[in-house]
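Atoms considered below: every heavy atom in the structure, side chains included; atoms not considered: hydrogens, waters and symmetry mates.
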Amino acid sequence: MNERKRIFLCLARMSEAGLEEQYVREAFETHWVAPLGPNVDAFEALLDHYVGCGKKTVALSSGTAAVHLALIACGVCPGDEVIVQSFTFCASSNPVSYLGATPVFVDSEPHSWNMDPALLEAAIEDRIRQTGRKPKAIVPVALYGMPYNLPEIMKIAVKYGIPVIEDAAEGFGSRFNGQVLGTFGDYGILSFNGNKMITTSGGGALICPDDKTHHDIMFYATQAREAYPYYHHEQIGYNYRMSNICAGIGRGQMTVLEDHIAHHKHINKLYKSLLGGVDGITVHENPSEEYDSNFWLTNILLDSDLHVAGEGEAYQATVVACVGGAGNVLHTPDDLHTDCEPNPNVEAMRIFLDKNEIEARPLWKPMHKQPVFANCPAYTNGVSESLFKRGLCLPSGPYVSEDDVRYIVSCIKNALTV
């Protein structure tokens, strides 16, 4: 095979005008290199305008920091419980543990892959019976950019008087009935990590409901300093504000957000078209017209009886790096298997694509199947486990061209055996 470039899952692209570099250079020239400054103010103003609905945003060091501060704002304390979607990345649930609270995991519905409203209500009722208290918050997640079932989730939240923290870290630019995700609930989470729809290199934001809450979040994000001529603290604070340097990158990135969203949607349509006639492979898509995913990543499901070249050798060797990087800081496992893993044909497809310079990854492993959360309550229906066993994420970022998609699909077809 001819030598070609490595095709990565999702990498950020800078604006053609080079505004990111301009704003960062201005920050250095004016010595604004702290977690405040003109870029931070300007970036937050752009975010406020984009999300609309009179909401206010606070630019932060990460989306995880935004989850943490939202939980604090909801009054989550040690001993409390928080309902979290199980089918997601660990950043949605780890901050619950930071606060000494317990995540209660709720499984997914099959069409959106996100939190199942029926299971959500069953979990709330059962936690009230079990503990005598209702959970302190509900955290649905826009998995791979797909909106969650907002009408039903919000109706249940209002019925029980539980605040909603929308984790739209993967869903910046996704909409439900035309409204931006992160603006329906009490709080909304955004992420600007290096692989998201836009990037600040690393960073996130918290969408707040009003000016007072915005002020309170800002207070906690800047080490909770009281108004004295010296450092005086009456509450625990956090060093969570975004730097003026990162915000400068974000300002430039906001100019290409709509282009990035359009590109991701176009790539998704191309995958669907090219894989449409392939038996045993399904591309995830919007469940109905109300759903408008940014398609941060395009995902496929492989039927369990689909044969892929090399599946007999799947899981025969230890991987040499963490999924998604992590600077090769990983623990070498004692066993090549866990009790919940992708099917052999999915792992074989991942390996086949990797050998052809294509980065593909399994779907998120459900949190209720993670050993670190083994003792947490979970309300399951088998959906997320089934999806995890059958699914792969395909390259979808701004650097992925139409020719790249055609090459990827041709490799997928070449991997299939009769």
Side-chain angles (χ1 to χ4, degrees), residues 11-52 54-70 169 172-173 180 182 187-208 210-233 235-261 397-399:
L11 290 177
R13 179 187 287 274
M14 299 296 105
S15 64
E16 291 186 6
L19 292 174
E20 296 89 347
E21 182 178 352
Q22 174 187 327
Y23 293 136
V24 170
R25 188 185 308 114
E26 289 173 0
F28 279 108
E29 291 172 352
T30 57
H31 307 292
W32 281 106
V33 294
L36 75 165
N39 282 331
V40 179
D41 296 339
F43 184 45
E44 288 177 336
L46 289 170
L47 291 173
D48 290 348
H49 177 74
Y50 189 84
V51 302
K55 303 272 187 171
K56 298 280 288 182
T57 57
V58 179
L60 300 167
S61 57
S62 69
T64 308
V67 176
H68 191 188
L69 292 177
F172 189 34
V180 174
Y187 297 93
I189 310 301
L190 301 177
S191 173
F192 310 120
N193 196 17
N195 62 354
K196 293 301 190 293
M197 296 302 292
I198 65 168
T199 186
T200 58
S201 77
L206 180 59
I207 304 172
C208 303
D210 50 47
D211 288 338
K212 181 186 182 306
T213 307
H214 177 267
H215 179 272
D216 292 343
I217 292 296
M218 194 84 73
F219 171 74
Y220 282 111
T222 51
Q223 295 288 27
R225 290 176 288 183
E226 304 292 340
Y228 291 91
Y230 44 85
Y231 288 94
H232 181 83
H233 306 274
Q235 300 180 65
I236 297 296
Y238 306 89
N239 186 19
Y240 279 169
R241 285 290 274 150
M242 180 179 288
S243 79
N244 198 51
I245 301 295
C246 292
I249 299 173
R251 285 181 68 187
Q253 285 278 284
M254 285 296 289
T255 66
V256 294
L257 172 61
E258 294 298 340
D259 290 340
H260 285 190
I261 294 171
Y399 282 103

Donor on one side chain, acceptor on other, Ser15 and Glu20, under 3.5 Å: yes
Reported CD1-to-OG1 distance for the pair Ile217 and Thr222, which is rounded to 0.5 angstrom: 10.5 Å
Exercise: identify the closest heavy-atom pair between Thr199 and Gly194: OG1-CA, 3.3 Å
Pair listing, salt bridge (charged side-chain N to carboxylate O under 4.0 Å, His left out) test, anchored in residues 24-34, at least two apart: Glu21-Arg25
Heavy-atom closest pair, residues Ala27 and Asn244: CB-ND2, 3.4 Å
Interatomic distance, Leu47 atom CG to Leu206 atom CG [nearest 0.5 angstrom]: 11.5 Å
Point-to-point distance, once rounded to the nearest 0.5 Å, from NZ of Lys196 to CG of Leu190: 11.0 Å
Residue pair Ala65 / Leu60: nearest heavy atoms and the distance that separates them: C-CD1, 4.3 Å
Residues in ring pair (Phe, Tyr, Trp, His ring centres under 6.0 Å) contact with Tyr50, at least two apart in sequence or another chain: Phe172
Pairs involving residues 219-229, ordered by first then second residue, that meet salt bridge (charged side-chain N to carboxylate O under 4.0 Å, His left out) (sequence neighbours left out): none
Under the side chain to side chain donor-acceptor pair (under 3.5 Å) test, residues paired with Gln235 that sit two or more places apart: Tyr220
Rounded distance [0.5 Å steps], CG in Leu46 versus CG in Leu257: 10.5 Å
Any residue meeting ring pair (Phe, Tyr, Trp, His ring centres under 6.0 Å) with Tyr228, in chain and number order, not counting sequence neighbours: Tyr230, His232
Rounded distance [0.5 Å steps], CG in Leu36 versus CE in Met218: 10.0 Å
Phe28 CZ: over 12 foreign heavy atoms closer than 6.0 Å: no
Closest approach of Phe43 to Ala59 (non-hydrogen atoms, all atoms of both residues): CD2-CB, 4.3 Å
Considering all heavy atoms, the nearest Asn193-Ser201 contact: OD1-O, 3.8 Å
Residue list, ring pair (Phe, Tyr, Trp, His ring centres under 6.0 Å) with His31, at least two apart or on another chain: none
Counterpart residues, side chain to side chain contact (heavy atoms under 4.5 Å, CB included), relative to Val51 (two or more places apart): Lys55, Thr57, Thr183, Ile207
Those residues that, when tested against Ala169, pass side chain to side chain contact (heavy atoms under 4.5 Å, CB included) (two or more places apart): Asp167, Ser191
Gap between atom CG of Asp259 and atom CZ of Arg13 - 0.5 Å precision: 10.5 Å
Check against side-chain contact (heavy atoms from CB on, under 4.5 Å), Tyr23 and Ile249: CA-CA 7 Å; Tyr23 293 136; Ile249 299 173; over 6 Å; no
With Thr64 via side chain to side chain donor-acceptor pair (under 3.5 Å) - residues at least two apart: none
More than 12 heavy atoms from other groups under 6.0 Å of NE2 on His215: no
Those residues that, when tested against Tyr240, pass ring pair (Phe, Tyr, Trp, His ring centres under 6.0 Å) (two or more places apart): His68, Tyr238
Partners meeting side chain to side chain donor-acceptor pair (under 3.5 Å) with Asp210 (sequence neighbours left out): Thr213
Salt bridge (charged side-chain N to carboxylate O under 4.0 Å, His left out) contacts touching residues 237-257 (sequence neighbours left out): Glu44-Arg241
Nearest atoms (heavy-atom pairs only) where Asn239 meets Gln223: CB-NE2, 3.5 Å
Side-chain (His260) to main-chain (Ile198) donor-acceptor, under 3.5 angstrom: no
